[in-house]
2 protein chains.
Amino acid sequence: MNLKQLSNQLQLSQTTVSRALNDYPEVSEATRSRVKLAAAKGGYRPDMRAISLATGKAKTIGHVVPMANKDDVFSPIFAEFIASASQTYSQYGYELMLTVEKSRDDASTYRGLAAKRAVDGVILHSPQTDDPRLAVLQEVGLPFVVHGRMLNGEGYHWVDMDNHNAFKLATKLLLDLGHRRIALLNGREEMTFAWLRRAGYEEALNDGGVAINSEFMAADDLTERYGYQKAGAMLSMKVAPTAFLVSSYIVALGVRRAISQAGLVMGEQVSVIIHDDELSYFDNGGVKPQFTSTRSSVRQAGYEASKMLLELIENPDKEPTSVLMDTQLVIGSSTGPCPSLSES
Amino acid sequence: MNLKQLSNQLQLSQTTVSRALNDYPEVSEATRSRVKLAAAKGGYRPDMRAISLATGKAKTIGHVVPMANKDDVFSPIFAEFIASASQTYSQYGYELMLTVEKSRDDASTYRGLAAKRAVDGVILHSPQTDDPRLAVLQEVGLPFVVHGRMLNGEGYHWVDMDNHNAFKLATKLLLDLGHRRIALLNGREEMTFAWLRRAGYEEALNDGGVAINSEFMAADDLTERYGYQKAGAMLSMKVAPTAFLVSSYIVALGVRRAISQAGLVMGEQVSVIIHDDELSYFDNGGVKPQFTSTRSSVRQAGYEASKMLLELIENPDKEPTSVLMDTQLVIGSSTGPCPSLSES
DNA sequence: TATTTTTCTCAAAGCGCTTTAAAATTGTAG
DNA sequence: CTACAATTTTAAAGCGCTTTGAGAAAAATA
């Protein structure tokens with residue numbers, strides 16, 4: 001059933017019916033309820049594309065997520081973020097259009113979305129320190145919110161967690177426990193989050209008077225194998241690290257595997273701190289979590305970012321705002337005092 | 001730039017320009033190339049919604065994924081499937097509209113998508129043994145493909161892996177290794193995949209003359225905690241299982257944790273077989289995987305299903321087709337002979 | 001009762017495209 | 001040079017909605 005049929009059936013003009021349904025004041029209460037009743041009864045749902053064409057609003061938000069790595073993987077972090085944002089959208093009558101793209105640098109997707117009038121705004125995922133997509137989005141004038149940020153956090157809207165501080169505090173905790181050989185298994189450092197984590201890590205080491213050792217640092221896609229291989233390699237060094245700072249739960253699975261394979265016990269000979277995005281199927285636990293972790297809810301970030309974007313769409317001239325989410329440092333059973341405090 | 005502007009600029013009618021761009025034969029080659037050049041130069045991209053309204057085709061596919069469990073989680077399986085399907089869509093000029101819904105039984109989302117003309121077809125995720133959404137989709141006449149299937153696999157299109165056989169073979173392997181007390185940590189059995197896995201498991205036990213013990217069976221959302229708690233509880237039974245059949249890698253993480261916490265070694269005192277959806281960040285390994293597993297690529301399923309759906313949309317009267325994907329049984333280091341072969 | 005104001009309803013244009021039906025142009029014979 | 005067909009182009013209608021600018025109807029004021 002479409003508007004024409006409905007208005008014929010009601011013996012009213014399309015104008016009146018449309019206005020009645022959209023709660024315009026120019027229509028009497030009597031007519032309005034009559035119309036609404038008939039619409040409900042007839043199961044009338046306006047054609048989304050027609051509304052869109054007539055109003056100029058797509059009522060759709062675009063998410064363009066890059067494949068997480070060379071293996072063409074869709075990171076569970078994005079999934080969680082999107083699921084959360086999706087809730088906001090449906091609450092406000094928006095749809096979610098998802099594009100998964102192979103190349104992270106390819107800004108043409110955004111050009112396309114804008115030119116095709118497919119979306120009213122987009123969320124920019126996985127920003128790099130100096131991301132070329134920023135300029136494109138600004139050029140085409142499509143409202144957007146960044147999940148994360150570029151190194152220069154000015155002039156656009158973003159929602160991020162405090163990566164720098166999280167890893168600084170985590171490093172500091174390890175230093176306080178007496179660790180001096182602390183490894184960092186980071187994400188790719190083109191990504192701002194990884195860059196900031198490293199910066200936090202280095203700052204804490206400097207503050208603690210510990211020299212930075214590039215042999216203890218790695219950066220790659222966040223997979224189990226990466227954690228396993230890198231941790232394994234580092235543990236077999238003549239002077240091996242006594243602690244690992246790990247950028248995700250998934251990588252930590254590999255680290256844990258390497259540790260136990262080396263005949264060591266996590267939390268005793270080797271300490272591990274992870275960043276935990278609170279993906280609930282992983283469940284890093286309540287009272288005494290498996291892993292000591294810096295925590296921040298991706299779900300919460302999705303909520304904040306989607307809200308922010310909808311507001312921006314309402315009011316396109318809004319001054320850029322940002323949300324920097326705090327992280328918690330939660331002590332679990334994967335950390336303990338450095339075994340050989342005699343050594344430096 | 002829109003069609004009108006482009007045609008004005010070219011001094012041609014909108015009809016001709018439209019036809020030139022869409023490769024209709026009624027336009028001379030000279031004009032066609034002139035038009036295409038101008039369009040490319042001017043960065044012309046037709047308004048998606050206008051095309052959609054004019055043609056009646058949304059050029060969009062809907063994916064409605066249920067929250068995986070009470071914790072409102074978006075399963076990484078869906079993410080992988082969708083990422084894969086997404087590739088097919090963009091290749092054929094389709095967009096992907098994602099809806100995440102709280103309630104698994106709520107079919108109103110589908111009614112809405114159909115009535116709003118938002119999509120040309122949908123993928124039905126996470127089907128239950130007797131899924132109410134089936135009737136709704138058939139009623140509204142929206143083309144759809146099921147990822148998985150209902151217990152009755154007739155009358156609709158689906159792509160599934162052979163859950164029954166996979167778990168039957170896995171159980172048989174354990175029986176052949178001498179295990180008699182084999183536990184099954186399954187997904188919720190309203191889901192067809194879980195139902196079929198259990199059926200395969202029971203069939204193998206019957207064939208092997210082993211009585212079915214309901215204390216060795218559990219069904220719940222697929223989380224790490226579930227695996228940890230259930231395996232922990234079972235291992236502390238007076239007569240504990242010597243092997244576990246586990247429905248996912250994530251659950252198996254918990255099982256492994258419980259096993260090592262009980263002071264046992266996986267692959268020696270306790271065997272574990274998992275189903276591995278080949279999420280590449282987990283990397284169950286190449287030569288000698290961590291877990292013995294039944295394997296099936298979700299990525300591949302996403303590819304098959306999306307192709308099937310696009311074909312169905314092209315040709316709506318196509319006879320229902322289905323793809324039953326084989327699974328591989330890959331031996332890893334988590335299985336071994338039953339430690340006490342004397343016991344039955 | 002006539003006039004103004006307010007309330008309610010409507011016809012028609014427009015959003016940007018496709019597509020039908022018809023017209024203009026070109027080509028081929030007769 | 002006309003007649004007819006084939007080729008190329010176009011005007012206009014239509015997709016299903018919103019919204020503008022008016023017109024009727026009802027209510028209020030004179």
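A quick note: this is a predicted structure, and the numbers were derived from the prediction, not measured. Protein chains get the first letters and strands the later ones, always in sequence-line order, with residue 1 at the start of each.
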Exercise. Of Leu3(A) and Glu26(A), whose closest DNA chain D nucleotide lies nearer the 5' terminus?
Worked result: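 So the residue in question is Leu3(A).
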Mind checking [X] for me? I need base, sugar-phosphate or nothing, with any heavy atom below 4.0 Å counting as a touch.
| X | answer |
| --- | --- |
| Thr55(A) | sugar-phosphate |
| Ile51(A) | sugar-phosphate |
| Thr31(B) | sugar-phosphate |
| Thr15(A) | base |

In this structure, how many angstroms lie between the [atom2] atom of [N] and the [atom1] atom of [X], rounded?
| X | N | atom1 | atom2 | answer |
| --- | --- | --- | --- | --- |
| Met48(B) | dC15(C) | CE | C1' | 16 Å |
| Asp47(B) | dC17(D) | CG | C1' | 14 Å |
| Gln14(B) | dA11(D) | CD | P | 10 Å |
| Arg49(B) | dG14(C) | CZ | C1' | 14 Å |
| Arg19(A) | dC8(C) | CZ | P | 12 Å |
| Leu10(A) | dT9(C) | CG | P | 11 Å |
| Met1(B) | dC15(C) | CE | C1' | 18 Å |
| Leu12(B) | dT10(D) | CG | C1' | 10 Å |

Look up atom [atom1] in [X] and atom [atom2] in [Y], then write down how far apart they are to the nearest 0.5 Å.
| X | Y | atom1 | atom2 | value |
| --- | --- | --- | --- | --- |
| Arg149(B) | Thr192(B) | CZ | OG1 | 8.5 Å |
| Arg133(A) | Thr109(A) | CZ | OG1 | 9.5 Å |
| Gln11(B) | Arg34(B) | CD | CZ | 8.5 Å |

Counting only side-chain nitrogens and oxygens, does [X] get under 4.0 Å of the OP1 or OP2 atom of [N]?
| X | N | result |
| --- | --- | --- |
| Thr16(A) | dT9(C) | no |
| Tyr24(B) | dT19(C) | yes |
| Asn2(A) | dC15(D) | no |
| Tyr44(B) | dG16(C) | no |

Problem set entry | Side chain of Ser28(B) - closest among dT8(D), dC17(C), dT20(C) |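 Out of dT8(D), dC17(C), dT20(C), the nucleotide with an atom closest to Ser28(B)'s side chain is dT8(D).
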For this session: When you get a sec, tell me which of dG16(C), dT9(C), dT10(D) is the closest nucleotide to the side chain of Leu53(B)?
Result: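 In terms of side-chain proximity for Leu53(B), the closest of dG16(C), dT9(C), dT10(D) is dG16(C).
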For this session: Give a yes or no on whether a donor-acceptor pair under 3.5 Å exists between the nucleobase atoms of dT8(D), that is its base, and the side chain of Arg32(B).
Result: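 A donor-acceptor contact between them is absent.
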Exercise. Side chain of Ser18(A), base of dT19(D): donor and acceptor closer than 3.5 Å?
Worked result: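 Such a pair does not exist between side chain and base.
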Exercise. Hey, are the side chains of Leu96(A) and Val100(B) touching, using non-hydrogen atoms and a 4.5 Å cut-off?
Worked result: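 A side-chain contact is absent here, since even the closest heavy-atom pair is not under 4.5 Å.
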Problem set entry | Evaluation steps, side chain to side chain donor-acceptor pair (under 3.5 Å), between Gln91(B) and Gln87(B) | CA-CA 6 Å; Gln91(B) 193 180 330; Gln87(B) 303 295 93; over 6 Å; no
For this session: Please assess Lys57(B) against Tyr94(B) for the test side chain to side chain donor-acceptor pair (under 3.5 Å), listing each intermediate value before the final yes or no.
Result: CA-CA 10 Å; Lys57(B) 282 142 191 332; Tyr94(B) 280 77; over 6 Å; no
